[in-house]
Amino acid sequence: MTTVLLIDDHELIRQGLAGAFGRADTFEVVGQAGSVSEGLALAEQLDPDVVVTDVRLPDGSGLDVVRALRRQSKEIGLVVLTMYAGDEQLFAAMDAGASGFVGKDAPTSTVLSAARQATVSPLTFTCTGLAEALMRRMRSGAPRLTDRERQVLDLLAEGLGVSAIAGRLYLSESTAKSHIGRIYDKLGAANRAQALVTAMRLGLIDSAAPPA
């Protein structure tokens, strides 16, 4: 069973989500919290496979939960729910290290699907409309990749690390790291997996298998 922790300050929403997860044979809701502090405490105590959190909480943001838990683990699934599913909120969730982003107006099946994906690939960000949001960001004046950055991106897609990329392109490791950092910034990615997923969706690379 995939264990789930729900964090939302509205009890009715928590209960509704708990019911939806409970009806799915593969999930077990092991805890519910109504604040950032309570959620982090329960996460430490219960060690859930997936945390589903609202953004707006009485003592902070659900993104604070995501950042804290992602720093602690690369294995935990982190799904963000929000009433305000605009591009700014979407990219903020992705930058924080979330596995998925779902609007509260979405059907519960979408939340369950996001939780399943977060369990399988916690470091890969999924969201309905992500490709369109990325295109809007690109059209809004975000800088494009240089030729050298495209070369580095291709080598990242091949699975090469910093040292191997530096050797292949005859660069110092610090220069290779700088190029990788700029690629992440331009693609709005927090890590290698997110950068590759974003690059695939934008058509910058043909195919890649982001590391787990």
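- The shortest heavy-atom contact between A199 and L187 is CB-CD1, 4.2 Å.
- For S99 (side chain) and L78 (main-chain N/O), a donor-acceptor pair under 3.5 Å exists by modelled atom type.
- In this structure, V55 and K104 have side chains that are not in contact, with every pair of non-hydrogen atoms separated by 4.5 Å or more.
- Counting heavy atoms from C-beta on, the side chains of T26 and R116 come closer than 4.5 Å.
- Applying the ring-ring contact (aromatic ring centres under 6.0 Å, His included) test to pairs two or more places apart or on separate chains, those with a residue in residues 9-39 are F21-F27.
- The backbone N or O of Q194 lies less than 3.5 Å from a partner atom in the side chain of T198, making a donor-acceptor pair.
- Judged by distance alone, the side chain of S73 and the main-chain N or O of E75 form a donor-acceptor pair under 3.5 Å.
- Atom-to-atom distance recorded for D154:CG and L160:CG is 11.0 Å, nearest 0.5 angstrom.
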Name every donor-acceptor pair, under 3.5 Å, that has one atom in a side chain of residues 28-35 and the other anywhere in the protein, sequence neighbours excluded.
{"from": "Q32", "atom 1": "OE1", "to": "R14", "atom 2": "NE", "distance (Å)": "3.2"}
{"from": "Q32", "atom 1": "OE1", "to": "Q15", "atom 2": "NE2", "distance (Å)": "3.4"}
{"from": "S35", "atom 1": "OG", "to": "S37", "atom 2": "OG", "distance (Å)": "3.3"}
{"from": "S35", "atom 1": "OG", "to": "E38", "atom 2": "N", "distance (Å)": "3.1"}

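- Using a distance-only test at 3.5 Å, with no hydrogens or angles considered, no donor-acceptor pair links the side chain of D9 to the main chain of L57.
- If you check the side chains of T175 and S178, you find no donor sitting under 3.5 Å from an acceptor.
- Using a 4.5 Å heavy-atom threshold, the side chains of V102 and V80 count as separate.
- In terms of heavy atoms, A118 sits closest to V79 at CB-CG2, 4.0 Å.
- Within the 4.5 Å cutoff, side-chain heavy atoms of K186 are placed close to those of T146.
- Counting heavy atoms from C-beta on, the side chains of L69 and V51 come closer than 4.5 Å.
- Pairing each heavy atom of G97 with each of V66, the nearest pair is C-CG1, 3.7 Å.
- Residue-environment remark: CD (E44) stays at or below the threshold of 12 foreign heavy atoms within 6.0 Å.
- The shortest side-chain heavy-atom distance between D95 and Y184 does not fall under the 4.5 Å cut-off.
- In this structure, L6 and I13 have side chains that are not in contact, with every pair of non-hydrogen atoms separated by 4.5 Å or more.
- Of the possible donor and acceptor atoms, none in the side chain of Q45 sits under 3.5 Å from a partner among the backbone N and O of L42.
- Counting only distance, with no hydrogens or angles, the side chain of D64 and the backbone of S61 share a donor-acceptor pair below 3.5 Å.
- Residue pairs satisfying the side-chain hydrogen bond (donor to acceptor under 3.5 Å, both in side chains) criterion with at least one member in residues 162-171, sequence neighbours excluded, are listed as follows: S163-E173.
- Distance CE/M94 to CG/N191: 9.5 Å, rounded to 0.5 Å.
- A donor-acceptor contact shorter than 3.5 Å links the side chain of R192 to the backbone of L156.
- Scanning all heavy atoms of the two residues, the minimum distance from L112 to A24 falls at CD1-CB, 4.4 Å.
- In this structure, A93 and F101 approach most closely via the heavy-atom pair CB-CD1, 3.6 Å.
- Atom CG in L40 sits 6.5 Å away from atom CD1 in I7 (nearest 0.5 Å).
- Between I183 and L153, the closest heavy-atom pair is CD1-N, 3.8 Å.
- Side chains of V52 and L5 form no contact here, defined as non-hydrogen atoms less than 4.5 Å apart.
- Side-chain contact annotation: D49 with T3, donor-acceptor N/O pair under 3.5 Å present.
- Judged by distance alone, the side chain of R70 and the main-chain N or O of I76 form a donor-acceptor pair under 3.5 Å.
- Atom CE of M83 sits about 10.0 Å away from atom CZ of R56, to the nearest 0.5 Å.
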